[in-house]
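If you read the sequence from its start, that first residue is 1, and numbering goes on from there.
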Amino acid sequence: MSVSTVSPFVKWAGGKRQLLPRIKEKMPEKYNNYFEPFVGGGAVLFELLPSNALINDINRALINAYRQICDAPEEFINAVNKLDTEMWEDGKKYYYSLREHYNDKLMKAEYDVELAALFVFINKHCFNGLYRVNGKGLFNVPYNNSRKISVDEKIIMGISKYLQGVNIIDGDFEEACHEAKKGDFVFIDSPYAPLNPTSFESYTKEGFDIESHKRLANLYDELTDRGCYCMLTNHNTELINTLYGNKGYKIDVVSVKRMINSDATNRVGEEVIICNY
């Protein structure tokens, strides 16, 4: 399959597209199975196209979109195209009506092709492609005033073809790594540790708090003991350096542009790539 036909179908906070060259040069030369417990928009997955892959995310609506694209790509494309072509003159009113319908389906746990289409349409037409929910788990990001086409059919078909051989699950990150063993590669793009330790905002209502970061660090140590190759990316913060420092792991600091920060002066920052090999 041509690699050029596969790229992320959603924009995702913390997406790894700009770090891809650094991630690729730090990859282990050989590995057996590929595990990605926080797949998000899949920038690394779709760049590497690993065989024998397992992907996971706790965001069920996101994973539903992966599953629908895998299992029913034509139906998915038709559903998204319909949402695009039926857009009202008043795009803002149309967006909010679809957002309300999306949230209604979320509350009813209707994880189907229509929800996947709404998910992708909203992702392309919401402010900065941000996925954020309120305390009730309802999506609440405002409209970005665009009328752009939501999907590239060729890319969706390429993704669908690739995903046929991928194990797609939604749940806890520890469970996702349960089968990882010696010689397997685990790429961990965990939710960001906050730059300001008092602001723990989360993109799913379950949240990812300090205890979650500690639990993930314990899992990283456990995977290392199992003989897995592990790579983890996150903000270069005191918390992350405390959790992963002084353990013999290689910690590389890289400069990044932060596209999602609304204040342009805060759009340059540092991230770390932590490897156990």
May I ask you to test the Asp221-Tyr249 pair for a side-chain heavy-atom distance under 4.5 Å?
yes
For Ile273, which of Lys16, Met231, Glu25, Lys250 qualifies under side-chain contact (heavy atoms from CB on, under 4.5 Å)?
Met231
Distance to the ring centre below 6.0 angstrom and angle to the axis at most 45 degrees; does that hold for Arg60 and Tyr111?
yes
Flag side-chain contact, heavy atom, 4.5 Å: Val166 against Cys70
no
Say you draw a straight line from CD of Glu75 to CD1 of Ile69; how long is it, rounded to the nearest 0.5 Å?
12.5 Å
Scanning both residues in full, the closest heavy-atom pair of Leu62 with Gly40 reads CD2-O, 3.5 Å
Would you indicate whether Asp225, at its atom CG, is surrounded by more than 12 heavy atoms from other residues, nucleotides or ligands within a distance under 6.0 Å?
yes
Quick check: closest heavy atoms across Gly41 and Pro8, and the distance to 0.1 Å?
O-CB, 3.3 Å
Do Met107 and Asn103 have side chains that approach each other closer than 4.5 Å (heavy atoms only, starting at C-beta)?
no
Are the side chains of Arg67 and Leu163 in touch, meaning some heavy atoms are under 4.5 Å apart?
no
Can you confirm if the aromatic rings of Phe119 and Phe139 lie within a centre distance of less than 6.0 Å?
no
4.5 Å side-chain heavy-atom contact, Val44 and Leu48:
yes
Considering all heavy atoms, the nearest Tyr94-Glu86 contact:
CE1-O, 3.5 Å
For the pair Tyr95 (side chain) and Phe121 (backbone), establish whether a donor and an acceptor sit closer than 3.5 Å, ignoring hydrogens and angles.
no
Any donor-acceptor pair under 3.5 Å from Lys124 side chain to Phe9 backbone
yes
First locate atom CD of Glu175, then atom CG of Asp170, and finally report the distance between them rounded to the nearest 0.5 Å.
11.5 Å
Tell me whether the count of non-hydrogen atoms from other residues, nucleotides or ligands lying under 6.0 Å of NZ in Lys247 goes above 12.
yes
May I ask you to decide if Ile274's main-chain N or O and Tyr220's side chain share a donor-acceptor pair within less than 3.5 Å?
yes
Working for salt bridge (Lys or Arg N to Asp or Glu O under 4.0 Å), residues Arg22 and Asp252:
CA-CA 10 Å; Arg22 299 297 292 272; Asp252 288 299; 5.3 Å; no
Could you give me the CA-CA distance, side-chain angles and deciding distance for Asp84 and His125, then say whether side chain to side chain contact (heavy atoms under 4.5 Å, CB included) is met?
CA-CA 10 Å; Asp84 283 346; His125 294 86; 4.0 Å; yes
Here the pair of heavy atoms bringing Ala61 nearest to Leu106 is CB-CD2, 4.1 Å
Without swapping roles, check the side chain of His101 against the backbone of Leu115 for a donor-acceptor pair under 3.5 Å.
no
Any chance the side chains of Tyr192 and Glu271 put a donor and an acceptor closer than 3.5 Å?
yes
Using only atom types and a distance under 3.5 Å, with no angle test, would you say the side chain of Tyr31 pairs donor to acceptor with the backbone of Val186?
no
Give a yes or no on whether the backbone of Cys228 and the side-chain of Asn276 come within a donor-acceptor separation of less than 3.5 Å.
yes
Any donor-acceptor N/O pair, Glu36 side chain to Leu54 backbone, under 3.5 Å
no
Non-hydrogen side-chain atoms of Asn123 and Lys11 separated by less than 4.5 Å:
yes
Please check this pair: side chain of Asp184 against backbone of Asn33, looking for a donor-acceptor N/O pair closer than 3.5 Å.
yes
For Arg226 and Glu222: C-alpha separation, side-chain torsions, deciding distance, then whether salt bridge (Lys or Arg N to Asp or Glu O under 4.0 Å) applies.
CA-CA 6 Å; Arg226 285 189 219 167; Glu222 189 195 314; 2.6 Å; yes
Aromatic centroids of Phe208 and Phe38 separated by under 6.0 Å
yes
Worked verdict on Phe35 versus Asn56 for side chain to side chain contact (heavy atoms under 4.5 Å, CB included):
CA-CA 8 Å; Phe35 290 81; Asn56 174 78; over 6 Å; no
Mark yes when over 12 heavy atoms from residues, nucleotides or ligands other than Glu110 sit less than 6.0 Å from its CD; otherwise mark no.
yes
Are Ile149 and Phe76 co-members of a hydrophobic cluster defined by side-chain heavy atoms under 4.5 Å apart?
no
Would you indicate whether the side-chain heavy atoms of Leu45 and Tyr34 approach each other to under 4.5 Å?
yes
Run the side chain to side chain contact (heavy atoms under 4.5 Å, CB included) test on Glu153 and Asn81 for me, step by step, so that the C-alpha distance in whole Å, both residues' side-chain angles and the decisive distance to 0.1 Å come before the verdict.
CA-CA 10 Å; Glu153 295 185 19; Asn81 287 346; 2.9 Å; yes
Kindly indicate whether the side chain of Val80, heavy atoms from C-beta on, has any atom under 4.5 Å from the side chain of Ile156.
no
When rounded to the nearest 0.5 angstrom, what distance separates CZ in Arg17 from CD1 in Ile23?
12.5 Å
What are the two closest non-hydrogen atoms of Gln68 and Val113, and how far apart are they?
OE1-CG2, 2.9 Å
Can you tell me if Asn241 uses its side chain to pair, donor with acceptor, with the backbone of Gly245 under 3.5 Å?
no
Check the side chains of Asp209 and Ser212 for a donor-acceptor pair under 3.5 angstrom, ignoring hydrogens and angles.
yes
Hey, what do you get for NZ (Lys92) to CG (Asn145), rounding to the nearest 0.5 Å?
7.0 Å
Just verifying a value: how many Å separate Leu98 CG and Leu118 CG, rounded to the nearest 0.5 Å?
6.0 Å
Looking only at heavy atoms, which two atoms of Pro191 and Asn234 are closest? And how far apart?
O-ND2, 3.2 Å
Hey, what do you get for CG (Leu138) to OH (Tyr102), rounding to the nearest 0.5 Å?
10.0 Å
Apply side chain to side chain contact (heavy atoms under 4.5 Å, CB included) to the pair Cys177 and Leu219, showing each step before the final yes or no.
CA-CA 9 Å; Cys177 297; Leu219 175 66; 4.1 Å; yes
Flag, side chain of Asp57 to backbone of Ile63, donor-acceptor distance under 3.5 Å
no
